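Working notes for the structure below.
All of these numbers come straight from a predicted model, not from anything done at the bench. Along the sequence shown, residues are numbered consecutively beginning with 1. Counting starts at 1 for both ligands and their atoms, in listed order.
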Amino acid sequence: MLLKSKIDKLKDIVDMSDVLTDNAELYCYAEDSTSAHSVRTLPDAVVFVKKAEDVQNILRYANSNKIPVISRGAGTNMVGACTCPKGGIVLNFSRMNKILDFNPIDMTMTVQPGVILDDIKRLADSEGLFYPPDPSNYKVSTIGGSIAQSSGGASGFKYGTTKDYILGLTVVLADGTLMKLGSGTIKDAVGYHLNQLIIGSEGTLAVVVEAKIKLIPKPQSRRSVLGYFDSLENAACGVNNIIKKKIFPAAIDFMDNNSIRTVEEFYPCGLKTDKEAMLLIDIDGCEASMSYQQKCVQDALEQAGASDIQIAVSAEEIENIWIARRASFAATAKLAPDVLSDDIIVPRSSISKMVCACKDICNKYSLKVCMVGHLGDGNIHPQIALNLEDDSEFKRYIQAKSEIYNLAISLGGTISAEHGVGVEKISYINNIVDNSAIEYMKKVKSIFDPNNILNPGKVFKI
Ligand SMILES: Cc1cc2nc3c(=O)[nH]c(=O)nc-3n(C[C@H](O)[C@H](O)[C@H](O)COP(=O)(O)OP(=O)(O)OC[C@H]3O[C@@H](n4cnc5c(N)ncnc54)[C@H](O)[C@@H]3O)c2cc1C
């Protein structure tokens, strides 16, 4: 808790009508989309920043007074990455939400950090362009949060993640210095790529105040193929069969039976609730290639024992299926007071083993799990519905989580594909990252942020 005098000093830096200090309002900033972390400390103040200079002035003041500063977009990350374990000042970017430039010839857009991903996608689409990164909640999450988490999504299989679409960043360092990183051109071989270091750093190295993003031409056509399976193993086999066909789908997503049933109850759309698993495959490209790609996917699914294969061709049909898939987190949240969505990834060849083991481990600990995932990447999201107030259930959850992580690591995978570390996975990072690499990360952190004011207590312990 900061002295009131230190908070009052903010009035010399920003307009106090842009500052929240009332506990009732600060309470909203003690959490984000995961409620698992044990620390629910309030920040001391929240500032609605409007321009880079506000961020610079606040950081200069915070750095000289060693006050923690936590950047916050929409607060939807799932690892406690914008919680405030040490109090401090939250920078709320919802008023820095302008698209500053859109150049369809260069296929670039320059945006402030508070811009919602959907706004970027829709503006790009209006000129036949495409911004692929699509965390399932892209209609609410911000580009600043996405950059800090290097968010992925269903399209990661073909199109990569946020890190592949950032050409340049303007950031504010812990001491208030404004720094431009990257040239903003498609290629750039001058010096170290410090912008790539900022991407995925969860707000611990610098604060992003502007980003120049790369767009690509929008594929001419798109279809969704949906297939149902009687076992998780067969669904995993379906993924491998598609890969063997040497085509490149835009997405290969998955839902297990619990997810199918939970979603169908929440958002009735005709999903087959008696099936053990469902694969949702998007193909895209030029119209002439659609029938060939569709046939390859259908054959691959049939060879794996799929039934009830359905094809969605119109934009409306495709969107309807994807709404169902994206609704799985909200639907799971109806099963218990809390839901914790995890994020492991294994090599594709181990998908079957990992998916089946996740289910068995959750059964062993009597936990309700709904599994979804971007299976083309080997990325599985076990969504566990539980009551965090129930100590015994929480202990069982921690045991299950450790077993799931250990298995993912033993299969050559890792404990986060796209959600990051935050506070949630901080005690597991040593299981997967070399000690010497963690020491180097700490050195990098101390160069960027010697007083450890930027999002302290996240990623690794200092
Ligand atoms: C229902 C649901 C589905 C999801 N699906 C996916 C998915 O499919 N794929 C995926 O990758 N993720 C997914 N996520 C998580 C996803 O990473 C986040 O939702 C999103 O990318 C974060 O955006 P945000 O604006 O909410 O960021 P926040 O949660 O506000 O912040 C995330 C991190 O970014 C930092 N940050 C925010 N703004 C800045 C800034 N300007 N400068 C520096 N640091 C900053 C914060 O300090 C924090 O560390 C999902 C989340 C939900 C709730």
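- Taking a cut-off of under 4.0 Å to the non-hydrogen atoms of Ala206, the atoms of ligand 1 that pass are 43 (C).
- Salt bridge Arg222/Glu319: absent, no basic N to carboxylate O contact under 4.0 Å.
- Of the polar atoms of Gly75, at least one N or O is found under 3.5 Å from an N or O of ligand 1, judged by distance alone.
- The shortest N or O to N or O distance between Arg72 and ligand 1 is not below 3.5 Å.
- By the 3.5 Å distance cut-off applied to N or O atoms, Asn77 is counted among the residues near ligand 1.
- Of the protein's non-hydrogen atoms, the one nearest atom 52 (C) of ligand 1 is Met78 CE, 3.3 Å.
- Considering both main-chain and side-chain atoms, Ser151 comes within under 3.5 Å of ligand 1 through a nitrogen or oxygen pair.
- Remark: of the listed residues Val207, Asn92, Ile58, Ile58 is the sole one forming a side chain to side chain contact (heavy atoms under 4.5 Å, CB included) with Val49.
- Atoms of ligand 1 found under 4.0 Å from any heavy atom of Pro135 (numbered from 1 in listed order, with element): 6 (C), 7 (C), 8 (O), 9 (N), 10 (C), 12 (N), 13 (C).
- Shortest contact from atom 47 (O) of ligand 1 to any protein heavy atom: Ser71 O, 2.6 Å.
- Neither the backbone nor the side chain of Lys458 comes within contact range of ligand 1; no heavy atom lies under 4.0 Å.
- Within the structure, the closest approach of Ala417 to ligand 1 does not fall below 4.0 Å when heavy atoms are considered.
- Considering only heavy atoms from C-beta on, Thr110 stays 4.5 Å or farther from Phe102 through its side chain.
- Under 4.0 Å is where a charged nitrogen must lie from a carboxylate oxygen, and between Arg122 and Asp125 no such pair does.
- A salt bridge (Lys or Arg N to Asp or Glu O under 4.0 Å) with Lys158 is found for one member of Asp377, Asp134, Asp284, Asp282 and no other, namely Asp284.
- Closest approach of Gln112 and Lys50 over heavy atoms only: NE2-O, 4.4 Å.
- Among the candidates Val372, Thr262, Val369, the single residue satisfying the side chain to side chain contact (heavy atoms under 4.5 Å, CB included) test with Gln383 is Val372.
- For ligand 1, one of its N or O atoms has an N or O atom of Glu418 under 3.5 Å away.
- Checking Ser259 against Asp256 by side-chain atom types alone, a donor-acceptor pair falls below 3.5 Å.
- Cation-pi check for Lys121 over Tyr138 is met; the charged atom lies under 6.0 angstrom from the ring centroid and within 45 degrees of its normal.
- Residue His374 has at least one heavy-atom neighbour below 4.0 Å for each of these atoms of ligand 1: 8 (O).
- In terms of polar-atom proximity, defined here as any N/O pair under 3.5 Å, Ala81 does make such a contact with ligand 1.
- Ligand 1 has no nitrogen or oxygen under 3.5 angstrom from a nitrogen or oxygen of Phe329.
- Below 4.0 Å from some heavy atom of Gly203 lie the following atoms of ligand 1, by number and element: 43 (C), 44 (N).
- For the pair His381 and ligand 1, no heavy-atom separation below 4.0 Å is found.
- Here the CD1-CD1 distance, from Ile89 to Ile67, works out to 4.5 Å after rounding to the nearest 0.5 Å.
- Two residues are said to be in side-chain contact when any heavy atoms from C-beta on lie closer than 4.5 Å; Val115 and Ile120 meet this criterion.
- In terms of protein heavy atoms, atom 24 (P) of ligand 1 is closest to Ala74 N, 3.5 Å.
- Nearest to atom 49 (O) of ligand 1 by heavy atom, out of Lys139, Glu210, Gln112, Glu202, is Glu202.
- Residue-ligand proximity: Asn455 is placed with a non-hydrogen atom under 4.0 Å from ligand 1.
- When the options Val459, Thr76, Val49, Val90 are ranked by their closest heavy atom to atom 19 (O) of ligand 1, first place goes to Thr76.
- When side chains are defined from C-beta on, Ile351 does not count as touching Met354, because their heavy atoms never get closer than 4.5 Å.
- Each of the following atoms of ligand 1 lies closer than 4.0 Å to a heavy atom of Pro113: 41 (N).
- Protein heavy atom at the shortest distance from atom 34 (O) of ligand 1 is Ala148 CB, 3.0 Å.
- Classification of the Tyr131-Tyr165 ring pair by plane angle, with boundaries at 30° and 60°, yields perpendicular.
- In this structure, Leu280 and Ser224 approach most closely via the heavy-atom pair CD1-CB, 4.1 Å.
- Regarding atom 41 (N) of ligand 1, its nearest protein heavy-atom neighbour is Val208 O, 3.0 Å.
- Under the 4.5 Å side-chain criterion, counting only non-hydrogen atoms from C-beta, Met278 is in contact with Leu226.
- Annotation: atom 4 (C) of ligand 1 to nearest protein heavy atom, Asn137 OD1, 3.7 Å.
- The protein heavy-atom contact nearest to atom 3 (C) of ligand 1 is Ser136 CB, 3.8 Å.
- Here the protein heavy atom with the shortest distance to atom 33 (C) of ligand 1 is Gln149 OE1, 3.1 Å.
- Considering only non-hydrogen atoms, atom 11 (O) of ligand 1 lies nearest to Gly152 out of Cys82, Gly152, Gly153.
- Among residues two or more places apart in sequence or in another chain, the side-chain contact (heavy atoms from CB on, under 4.5 Å) test is passed with Tyr440 by Lys443.
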